[in-house]
Each structure stands twice: as structure tokens, then as C-alpha cells.
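All heavy atoms count here, side chains included; hydrogens, waters and symmetry mates do not. Not measured: the values here are computed from a predicted model.
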Amino acid sequence: ISPGGGIFIESPNAGNLQIGGVSFFSGVIKGVQNVTSGDISIAVNGTLTTGATTTPSCAVGPGGTVCTASGNITLRADDMSINDVINAGAGTVTLTPFSTTRNVVIETPTSTTSGVLSLNTSELQQVTAGTLEIGRSTDTGTLTVATALGSSNVNASTLKLAHQNIAINNSITFNTQNENLTLAAGSGSVTLGADLNVGSGVINASSSTVNFSGTRTITSTNSGTGFSAGTLNVDSTDNVSLNATSSAGVLNLSAGTLQG
């Protein structure tokens, strides 16, 4: 499918959908593309698979099975298997569950958690965008970072994690390409159970309550505000080092240690 304007596909009935690598008469349907401009939105009440195929061109970068030359891409499914390129150029790619109560887990390719939207690091590497957004802050549930993330895992200048609650259980280290990190917890909070280092990028949690777990280091060498939070909670079991110019709307320090 390659028109100008937007492309919107929604499958509300329970079932799975594969895009790319699908046989059709004597040929193969390679993907969903917008070769001029416009958004793409695909919603599946089941598993969405982008089939491994010869990546078709799309007038931007390397092309992709799901690709827009100018616009944003939103993929909604309760699970995903991303086997080929998703490309929004400088636009935003959003990966989020179909159900509004489903948890999201970012993990290794060898660890697949059932009953959640599981996204592994190899799948994230297939996405090219200005901003890669995972989750939806209006949903209920938790987005968990269960494996280390680095610049090699993200082909976007900004990674945005959004859900009711966000649990960072493994380190995020973007000091190679200096990507920005946005943490947008909805009615819940962000819990930092691992270190963050974005190089000269920015960590933006200005709309969120941020809690710490144990001894943590937050690093940004950005000359502006490298780390921001709506509310920052440091309790008696926390030892937090802020190696960044920081701001918080509310700071709650309860016998813990905050250095910066």
C-alpha cells in the first residue's frame, strides 16, 4: 500500500496480523508504505508481525516494511515480532499495546515474557525514527526495562518510555551517541533501580514522580538542564549521585543521601 496521505489499519477483533513477506498470487506483499508523506497507524488485537523480507525502498533512508517518507508511525498490538525495518525518518515511531491494561517489558532476545507486550533489543534496532516512543502514559500497568540499553540498541535521537508506572531495572547508557531519554509515567511513578548516563543528552522526567532504589548515579553533561523531574523522592535506603544540572518541582529527602 503506497498512497499519499495517511494509512490507518485497525483490527479490533481478536486475531494476528503479518505485514511483509506475505504471498499474494505470484508475488509477495512487501509491506505498508507511504512514499510521499503522511502517518501510518496499525492496530491489532493480537500479535503484529513484520515479516523478514527484502526491505523495500521508501524514499527515506533504507526504506522499510513499515515506512513513511514524512510522518509518524504508530503500531498497537498486545505482542509484536519485529523482523524487518520500521522507518519514520525524522518522525516518531510509537510501539504500544492494543489493550490499555497490558504491561510492557523490554528484554533480551533470549527472554520472552508471556502475557505482556515483549520488545527485545534486536527488535528495537529495527526501528529508525527521530523519537522512538514505547508505551502509553494513559494506560494502567508497568513498563519494565529488564535488560541494559545502549546507543547501539536505539536508532533514534530520543527514546521515550511512557506508561502508568516505569521500572528501570537495568542500566541505560547513551553516552556514545548522546540520545535523549524521556520518562513519562502517568498516574504512577518512575522507579530508578539502575544507573542512567546519556552523555550530553537530556533526561526529561518533568511530568513524572521519580523514586530511587538503592545506590544510583544519574549522568548528563548537557550544558542546560540535564535531568528534570516533577517530584524527586529520596528515602533512607537511597544514595543518589546527580552528575547533571538538575531541576525538580518537588524534592522529598527522607534521611537518604543526595549528591550533586
Any chance the side chains of [X] and [Y] put a donor and an acceptor closer than 3.5 Å?
X      : Y      : value
Ser220 : Asn222 : no
Ser137 : Gln164 : no
Thr112 : Glu107 : no
Ser99  : Thr101 : no

[X] side chain vs [Y] backbone, donor-acceptor pair below 3.5 Å:
X      : Y      : result
Thr50  : Asn83  : yes
Ser246 : Ala244 : yes
Arg216 : Gly193 : yes
His163 : Thr144 : no
Asn180 : Gly201 : no

For a 4.5 angstrom cut-off between non-hydrogen side-chain atoms, does [X] reach [Y]?
X      : Y      : answer
Phe174 : Leu159 : yes
Cys67  : Gln33  : yes
Thr49  : Thr47  : yes
Ser213 : Leu192 : no
Val240 : Leu232 : no
Ile203 : Leu196 : yes
Val66  : Ile19  : yes
Leu242 : Phe227 : yes

If you measure from [atom1] on [X] to [atom2] on [Y], what distance do you get to the nearest 0.5 Å?
X      : Y      : atom1 : atom2 : result
Gln177 : Asn153 : CD    : CG    : 12.0 Å
Glu123 : Asp84  : CD    : CG    : 12.0 Å
Lys160 : Leu132 : NZ    : CG    : 11.5 Å
Thr142 : Ile166 : OG1   : CD1   : 9.5 Å
Leu161 : Leu181 : CG    : CG    : 6.0 Å
Asn72  : Ser41  : CG    : OG    : 10.5 Å

Quick one: closest heavy-atom pair of [X] and [Y], and the distance?
X      : Y      : answer
Thr209 : Gly188 : CB-O, 4.4 Å
Ser118 : Asp79  : N-OD1, 3.3 Å
Ala77  : Gly46  : CB-O, 3.6 Å
Phe98  : Glu10  : CE1-OE2, 4.3 Å
Ser228 : Asn204 : OG-OD1, 3.4 Å
Val210 : Ala205 : CG2-CB, 3.8 Å

same_hphob_cluster([X], [Y]) at 4.5 Å side-chain heavy-atom cutoff:
X      : Y      : result
Leu75  : Val93  : yes
Val105 : Leu143 : no
Val202 : Ile168 : no
Ile218 : Leu149 : yes
Leu17  : Ile86  : yes

(request) Verify side chain to side chain contact (heavy atoms under 4.5 Å, CB included) between Val104 and Ile134, making sure each step is shown before the conclusion. (result) CA-CA 8 Å; Val104 181; Ile134 300 174; 3.9 Å; yes
(request) Kindly determine whether Thr173 and Asn175 satisfy side chain to side chain donor-acceptor pair (under 3.5 Å), including the steps that lead there. (result) CA-CA 6 Å; Thr173 307; Asn175 60 343; 5.6 Å; no
(request) Give me the one residue out of Asn233, Asn165, Thr231 that meets side-chain contact (heavy atoms from CB on, under 4.5 Å) with Asn211. (result) Asn233
(request) Applying side chain to side chain donor-acceptor pair (under 3.5 Å), run through Asp195 and Ser171 and close with a yes or a no. (result) CA-CA 5 Å; Asp195 296 342; Ser171 62; over 6 Å; no
(message) side chain to side chain contact (heavy atoms under 4.5 Å, CB included) for Asn13 and Asn45? Distances and angles first, verdict last.
(response) CA-CA 6 Å; Asn13 297 322; Asn45 187 6; 5.9 Å; no
(request) Begin from the C-alpha positions of Leu124 and Gln126 and carry the test side chain to side chain contact (heavy atoms under 4.5 Å, CB included) through to its verdict. (result) CA-CA 5 Å; Leu124 299 187; Gln126 298 280 16; over 6 Å; no
(message) Test side chain to side chain contact (heavy atoms under 4.5 Å, CB included) on Ile9 and Val32; report intermediate values, then the result.
(response) CA-CA 10 Å; Ile9 301 171; Val32 175; 4.2 Å; yes
